[in-house]
Structure formats: C-alpha cells, structure tokens
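Report on one structure; see the data block that follows.
We count residues from 1, following the sequence as given.
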Amino acid sequence: MSRAIPRTYWVAGTAVLLALLFAAAATVAAANGSGSPAPRTEPRTPGLHSADAGFARDMAVHHQQAVEMSFIVRDRTQDEAVRTLAYDIANTQANQRGMMLGWLDLWGLPKVVADEPPMSWMGTSGGHGGHAGHGPAKPGALMPGMATKEELEQLGAASGRDAEVLFLQLMTDHHKGGVTMAEGCAQQCTTPVERDLAQGMVDAQRSELTLMADMLKQRGATPRG
C-alpha cells in the first residue's frame, strides 16, 4: 500500500503539467477560431468578471478541496474500493484544475479577485443566480457543497468504516455543488473548450454520485440531507 503515496503525487503532478500544455493548445485554437463552425460575437479573451473566468477561479478552488479530501481518506482506510475512488477523483480533479488555472494565465487574468464573491458569475447572464440549484453555502464553507474546516478535521481523525462513510458523504455534497457550478458554465461560458470541460464534469460527477450512493448503502449509510 505504501507505494501508492509517492505514485499518486507524481501522477497528479504530471497530469497538471499535461493539462497546462493541453490548455495552452486548446485556448490558442479557440482564440484563432480553429474548428469553430462560425465566428462568435463575444470577445476572444474572457473578461475579468465573465462566467468563463469566474468558473475557472471558483472551480479551481472547489477541485482543490476534493483533491485534499481524497488524500486524507487514502491514509485513513485500507478499503480498496474507497482508495481507488479517492485516487481517481484526486487525479481527475488535479488535471482539470491545472487546465482551468492554465486558461486564466493565458487570458492574463488573476486567479483571485478580492471583491468577487464566490459563484457571483452564475448571475451574470440569465438562467442561474448566485447559488441557484444547490442552496447557499453552509456556515464555514466557501461554496455550496464544500466541507468546512471542522469537517475536514473530523475526516482526518476518523479511520476505517467511519472515515469511508464520512468521505463518501462529504464528497457526495461536494459533487452536488460541483455539478451545479459546471451546469452554469455549460450554459453561460463562451469558450467552447471550457464549456466542453464543464459538461464533462457534469456527466462524470453524476456517475460518481450514483457510485457513491451504492458504496454508502453497502456500508449501511446514506447521503446526508
């Protein structure tokens, strides 16, 4: 089991590097109109408070916590099914996070905007407002679905089945919040590759929600709320 620790970090780091390279190529292609069926009327480079930039900033933060929770539970259980799921989530979301941060760099936009409330971009063009679709963030959480500092500490202190159940419950909440955000980008973002990435997140995380519900049932537990 010990070999998984360095390998996981190495693979996640490699995935981010590859994602940044892909992001560069994809964004240049989008800016040049390569493969686009017709020219768009929107600016080629997203603005500071655009849905494209807001989603990239917020989802990068959202994904970082999913990676953190996955690394925590990996060390708190020996259950192969949970460890495999955690590894897949950490690897996938580290990869996607690298893509989004790469886009922000290519657009010349900051990764943090001090006066921008989380998820405010979801109200910039019709269809979604603020935290629509998943309710407001719970006290102590930055965005809907995210765990609080206390919940992360609780996960780090748990072990065995207790850690597995808590991880699956926390990640279920996390995915639900993530799906809402990704649906917002799929509808509002103007960069084709970013919309495609967002829709891919929706599809993949919905599939993992079904898987996690089954895994909780196998452990005599259910999703929270």
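- Nearest heavy atoms, Pro46 versus Leu109: O-CD1, 3.5 Å.
- Counting heavy atoms from C-beta outward, Met100 and Leu104 have side chains that stay 4.5 Å or more apart.
- Taken from CD in Gln65 to CD in Glu151, the straight-line distance is 8.5 Å, to the nearest 0.5 Å.
- With a 4.5 Å cut-off on side-chain heavy atoms, Arg224 and Leu170 count as touching.
- Not counting sequence neighbours, the partners of Gln199 by the side-chain hydrogen bond (donor to acceptor under 3.5 Å, both in side chains) test are Asp203.
- In this structure, Ser70 OG and Leu155 CG are separated by 9.5 Å, a value rounded to the nearest 0.5 Å.
- Among residues at least two apart or in separate chains, salt bridge (charged side-chain N to carboxylate O under 4.0 Å, His left out) pairs with a member in residues 107-120 are Arg57-Glu116, Asp105-Lys111.
- Side-chain contact between Thr77 and Val73 is present, with at least one heavy-atom pair separated by less than 4.5 Å.
- Rounding to the nearest 0.5 Å gives a distance of 7.0 Å between CH2 of Trp121 and CE of Met59.
- The side-chain contact (heavy atoms from CB on, under 4.5 Å) search around Pro223 returns Thr172, Leu216, not counting sequence neighbours.
- The cluster map of Ile, Leu, Val, Met, Phe, Trp and Tyr, joined by side-chain heavy atoms under 4.5 Å apart, puts Met69 and Leu168 in the same cluster.
- Side-chain atoms of Pro110 and Leu48, non-hydrogen and from C-beta on, do get closer than 4.5 Å to each other.
- Remark: side-chain polar atoms of Ser120 are paired, donor with acceptor, to backbone N or O of Pro117 under 3.5 angstrom.
- Leu166 and Met146 end up in different hydrophobic clusters when Ile, Leu, Val, Met, Phe, Trp and Tyr side chains are linked at under 4.5 Å.
- In terms of hydrophobic clustering, with Ile, Leu, Val, Met, Phe, Trp and Tyr side chains grouped at heavy-atom distances under 4.5 Å, Ile72 and Tyr87 are assigned to different clusters.
- Taking CD from Gln93 and CG from Asp88, the interatomic distance works out to 11.0 Å, rounded to the nearest 0.5 Å.
- Closest non-hydrogen pair, Glu194 versus Trp107, comes out as OE1-CH2, 3.4 Å.
- The nearest pair of heavy atoms linking Ala186 to Arg195 is O-CD, 3.5 Å.
- When all heavy atoms of Ile89 and Met171 are compared, the closest pair comes out as CD1-CG, 3.8 Å.
- Note on Met212 and Val67: separate hydrophobic clusters, where clusters join Ile, Leu, Val, Met, Phe, Trp and Tyr whose side-chain heavy atoms are under 4.5 Å apart, directly or indirectly.
- At a threshold of 4.5 Å between non-hydrogen side-chain atoms, the residues Thr180 and Met122 count as touching.
- The two residues Pro118 and Asp58 come nearest to each other via the heavy atoms C-OD2, 3.6 Å.
- Shown here for Met119 and Pro144, the closest heavy-atom pair between the two residues is SD-CD, 3.2 Å.
- Separating the NE2 atom in His63 from the CD atom in Gln96 is a distance of 4.0 Å, to the nearest 0.5 Å.
- The closest side-chain heavy-atom distance from Arg74 to Val82 is not below 4.5 Å.
- Lys217 meets the salt bridge (charged side-chain N to carboxylate O under 4.0 Å, His left out) test with no other residue; sequence neighbours excluded.
- In terms of the ring pair (Phe, Tyr, Trp, His ring centres under 6.0 Å) criterion, residue partners of His62 (sequence neighbours excluded) are, by chain and number, His174.
- Considering only heavy atoms from C-beta on, Arg83 stays 4.5 Å or farther from Asp79 through its side chain.
- Of the inter-residue distances, the one linking Gln169 atom CD with Thr222 atom OG1 reads 6.5 Å to the nearest 0.5 angstrom.
- A search for salt bridge (charged side-chain N to carboxylate O under 4.0 Å, His left out) contacts involving Glu164 returns Arg219, not counting sequence neighbours.
- Two different hydrophobic clusters hold Val179 and Met143 under the rule that ILVMFWY side chains link at heavy-atom gaps under 4.5 Å.
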